[in-house]
Each structure stands twice: as C-alpha cells, then as structure tokens.
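Quick note: residue numbers are just sequence positions, from 1.
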Amino acid sequence: MSSPGEPVVLLNGQQAGADALRVLAQSNYGHFTSLQVRGGAVQGLDMHLDRLRQGNAELFDAGLDAGAVVGWMRQAALARGGDCSMRVTLFSRRFDHRQPLRPVAVDVLVAASAPLVPTAAPLRLQTRCFVRPVPQLKHVGTFPLSHHRRQALKAGFDDALFVDGEGPGAAVSEGSFWNIGFWDGDQVVWPQAPALRGTSERLLQQGLAQAGIAQVVRPVARAGLGDFLAAFATNANGVQPVASIDRIGYAAAAQDALLALLADAGGRAPWEPL
C-alpha cells in the first residue's frame with residue numbers, strides 16, 4: 001500500500017516510468033475517464049468502460065480488454081487503501097502523428113491519488129465562447145478547457161460556462177470540466193448542444209427518472225438563463241450549486257431544494273466492486 005500522500009501510477013499494470021509519461025505529454029493523443037473509488041467500488045463502471053471502448057474504437061481502431069483494465073484499476077485502488085480519485089488514460093507509446101493510420105498497441109495508464117471531498121461552495125460562472133472539438137470523446141486535448149477556466153478566474157469568476165457564440169441567442173453547452181443542469185421549478189433541464197456527456201450526468205438522469213422527477217433535454221440560450229430558479233454543475237467529484245452566471249443570480253433556497261433532489265438521485269446508483 002502506498003503512503004497517504006503518494007499517488008499510484010501504473011502502466012499496463014506495472015509502475016509507470018518517466019518515459020511513458022513523457023510520451024503521453026508529447027503525443028497529446030489519447031482518451032481517458034475519471035472516477036471516484038470508495039471501498040474498492042465505483043458507480044457507473046459499465047459507463048466508464050463503454051466510454052473507453054468508444055475512445056479506443058475512434059482513436060485507434062482497437063477494442064478494449066475490459067478485464068485487464070478493471071484488474072489494473074483494482075490494483076491501483078488497493079494500493080491506495082481502497083479510496084481514491086482515479087484517472088484511466090488510454091494512449092500508445094508507438095503512435096506516430098506522421099503515420100496516424102498505422103496499427104499500434106494501446107497502453108493503459110491508471111493513476112490513483114487522494115480521494116476528493118465534494119465541495120458545496122456555490123460557483124460564480126462566466127459564459128465564454130467555446131465549442132469542444134470531438135465532443136463525444138473524453139480526449140486528452142484539454143488545453144482550451146484550462147485556458148478558458150483561467151481567463152474566467154482572472155475576471156473574478158470561479159469557472160467558465162461554454163456557449164457556442166456571441167449574443168443572447170448563443171446556446172449553452174457545458175462547463176470547463178463538468179456538465180450543467182438547470183431547475184425551472186417543475187423539472188430539471190439539461191442543455192441540448194454539442195458537449196461531452198459525462199458519466200455523472202448520466203447517473204443523475206437515471207436516478208431522477210427512478211425518483212419520478214421530471215427532466216428534459218432542450219436548447220438553453222444565454223438569454224434564457226434568467227428564467228431558471230437554480231442551476232448546478234456535476235462531474236466525477238459530485239454536484240456543486242451555481243450561485244450566478246454572468247450577472248444572473250440564483251436564490252439559495254431554490255438551490256437547497258434542488259441539491260436535496262440531486263443527492264437522492266445520485267445515491268441511487270449502486271457501488272460496484274472493481
């Protein structure tokens with residue numbers, strides 16, 4: 001077992017060396033999934049594996065050895081004592097951008113670090129014009145996400161909310177590293193736009209359906225943000241309330257009621273042992 005502050009990084013089940021990390025950083029070609037592990041178990045395991053299958057098929061024309069991947073995830077989680085934040089990245093040390101169609105073996109990098117404690121601090125968001133490239137994949141090309149988040153922080157906000165253009169008619173899509181949802185008093189509204197559909201978002205949608213809470217997927221324009229009573233962000237680290245978007249604020253009372261609904265919905269997904 002590793003020490004409490006020491007991350008575990010495995011490459012195909014073996015301790016990863018600096019050369020593999022250098023190749024991944026330089027190639028910038030791969031895909032990943034992120035999740036929280038508690039007691040050696042995760043929520044939405046099949047969803048994470050489906051995401052990795054899709055990424056392998058689109059980036060490498062390759063299948064996924066799910067049994068091996070789950071085994072390495074288990075190995076890393078056990079080394080961290082069963083509780084951790086985990087990122088599983090698939091790339092190839094043999095990928096050459098000059099010959100992108102050449103068949104290559106796919107490498108699996110599993111990184112397990114200290115578990116994250118969800119924060120309930122409300123977010124103040126700035127809308128920023130950006131459309132994620134290849135939005136159906138959780139790929140490693142995350143530079144623009146961090147760049148826009150940094151610009152929002154410099155402007156005095158907590159994070160960036162992406163819209164697809166300038167002006168009031170621009171469509172809301174997603175946040176920097178999370179999905180967004182809204183509450184209109186009767187139902188949860190999920191923005192319909194090109195975006196990475198997160199595992200946590202899908203688990204919440206399933207939980208809300210099981211609880212009988214109405215929800216809809218439809219376009220959300222920047223001009224319509226003030227029509228909602230509350231908003232929230234969700235990713236592998238949990239659900240976080242949104243206090244404001246640009247100059248539009250949301251009431252704390254509505255946020256509290258919404259968070260209670262989401263906590264119930266999120267807790268309905270079973271924890272599956274690795």
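Remark: the backbone N or O of Asn56 is paired with a side-chain donor or acceptor of His31 at under 3.5 angstrom. Without hydrogens or angle criteria, Gln36 side chain to Met86 main chain gives no donor-acceptor distance under 3.5 Å. Listed for the Gln192 side chain is no donor-acceptor partner under 3.5 Å among the backbone atoms of Val220. The closest donor-acceptor contact from the side chain of Arg222 to the backbone of Gly167 lies under 3.5 Å. Judged purely by atom type and a 3.5 angstrom limit, Asp246 has no side-chain atom pairing as donor or acceptor with the backbone of Ile248. At distances below 3.5 Å, not a single donor-acceptor pair connects side-chain atoms of Arg149 with backbone N or O atoms of Asp159. In this structure, Asp158 contributes its side chain and Arg124 its backbone to a donor-acceptor pair below 3.5 Å. Counting only distance, with no hydrogens or angles, the side chain of Gln43 and the backbone of Ala269 share a donor-acceptor pair below 3.5 Å. Side-chain N or O atoms of Asn235 include none that pairs as donor or acceptor with a backbone N or O of Gly198 at under 3.5 Å. The backbone N or O of Ala160 lies less than 3.5 Å from no partner atom in the side chain of Ser176, so there is not a single donor-acceptor pair.
Hydrophobic clustering (ILVMFWY, side-chain heavy atoms < 4.5 Å, transitive): Trp183 and Leu161 are in distinct clusters. Both Val106 and Phe95 are assigned to one and the same hydrophobic cluster, defined by single-linkage of ILVMFWY side chains at heavy-atom distances under 4.5 Å. Two different hydrophobic clusters hold Phe32 and Leu137 under the rule that ILVMFWY side chains link at heavy-atom gaps under 4.5 Å. By the rule that hydrophobic residues join a cluster once side-chain heavy atoms approach within less than 4.5 Å of another member, Met73 and Trp271 end up as members of separate clusters. Hydrophobic clustering places Val70 together with Val37 (ILVMFWY residues linked when any side-chain heavy atoms are closer than 4.5 Å, directly or through intermediates).
For the pairing with Phe232, the side chain to side chain contact (heavy atoms under 4.5 Å, CB included) check across Leu258, Leu261, Leu123 returns one residue only, Leu258. Residue Gln136 is tested with Glu58, Gln54, Arg197 for a side-chain hydrogen bond (donor to acceptor under 3.5 Å, both in side chains); the sole match is Glu58.
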Would you check, one step at a time, whether the test side-chain contact (heavy atoms from CB on, under 4.5 Å) holds for Val9 with Val110?
-> CA-CA 6 Å; Val9 185; Val110 179; over 6 Å; no
For Leu145 and Phe130, run side-chain contact (heavy atoms from CB on, under 4.5 Å): C-alpha distance rounded to whole Å, both residues' side-chain angles, the deciding distance at 0.1 Å, then the answer.
-> CA-CA 9 Å; Leu145 310 181; Phe130 173 71; 3.7 Å; yes
Just do the side-chain contact (heavy atoms from CB on, under 4.5 Å) check on Trp178 and Thr234 with the steps written out, would you?
-> CA-CA 5 Å; Trp178 37 267; Thr234 181; over 6 Å; no
Apply side-chain contact (heavy atoms from CB on, under 4.5 Å) to the pair Val69 and Leu52, showing each step before the final yes or no.
-> CA-CA 10 Å; Val69 172; Leu52 296 180; 4.2 Å; yes
Check the pair Asp83 / Arg38 against salt bridge (Lys or Arg N to Asp or Glu O under 4.0 Å), numbers first and verdict last.
-> CA-CA 4 Å; Asp83 294 348; Arg38 297 294 182 269; 5.4 Å; no
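In this structure, Thr199 and His48 have side chains that are in contact, with non-hydrogen atoms separated by less than 4.5 Å. Between Arg268 and Gln206, every side-chain heavy-atom pair lies at or beyond the 4.5 Å cut-off. A 4.5 Å side-chain heavy-atom check between Asn12 and Leu10 finds every atom pair outside the cut-off. Side-chain contact check for His148 versus Cys129: every heavy-atom pair is 4.5 Å or farther apart. Looking at heavy atoms from C-beta onward, Phe162 lies out of side-chain contact with Ile180 at the 4.5 angstrom threshold. The shortest distance between side-chain heavy atoms of Phe182 and Ile245 falls below 4.5 Å. Side-chain contact between Ser244 and Tyr250 is absent, with no heavy-atom pair separated by less than 4.5 Å. Taking the side chain as every heavy atom from C-beta outward, Met47 and Leu203 approach each other to under 4.5 Å.
Nearest approach of Ser92 to Ala105, heavy atoms of both residues: OG-O, 2.7 Å. The heavy-atom pair separating Ala155 from Gln126 by the smallest distance is CB-NE2, 3.8 Å. When all heavy atoms of Thr33 and Arg51 are compared, the pair lying nearest together is OG1-NH1, 3.1 Å. Nearest heavy-atom pair, Leu35 versus Ala236, reported as atom, atom and distance to 0.1 Å: CA-CB, 4.0 Å. Here the closest non-hydrogen pair linking Ser173 and Pro194 is CB-O, 3.6 Å. Smallest separation of non-hydrogen atoms from Leu49 and Ala66: CD1-CB, 4.3 Å.
The structure places CG of Asn237 at 4.5 Å from CG of Leu116, a figure rounded to the nearest 0.5 Å. Rounded to the nearest 0.5 angstrom, Glu201 CD and Leu196 CG are separated by 8.5 Å. Note that CZ of Phe177 and OG1 of Thr142 are 5.0 Å apart. Values are rounded to the nearest 0.5 Å. Within the model, atoms CG of Asp164 and CZ of Arg132 stand 14.5 Å from one another, a figure rounded to the nearest 0.5 Å. Note that CG of Leu109 is 10.0 Å distant from CZ of Arg93, once rounded to the nearest 0.5 Å. Remark: Asp65 CG to Trp72 CH2 distance equals 6.5 Å, nearest 0.5 Å.
For Tyr29 and Phe60, the ring centers sit closer than 6.0 Å to each other. Taking the six-membered ring wherever Trp is involved, the centroid distance between the rings of Trp190 and Phe228 does not fall below 6.0 Å.
Summarising the local packing, CZ of Arg102 is surrounded by more than 12 heavy atoms from other residues, nucleotides or ligands at distances under 6.0 Å.
A donor and an acceptor atom, one from each side chain of Thr89 and Arg87, are located under 3.5 Å apart.
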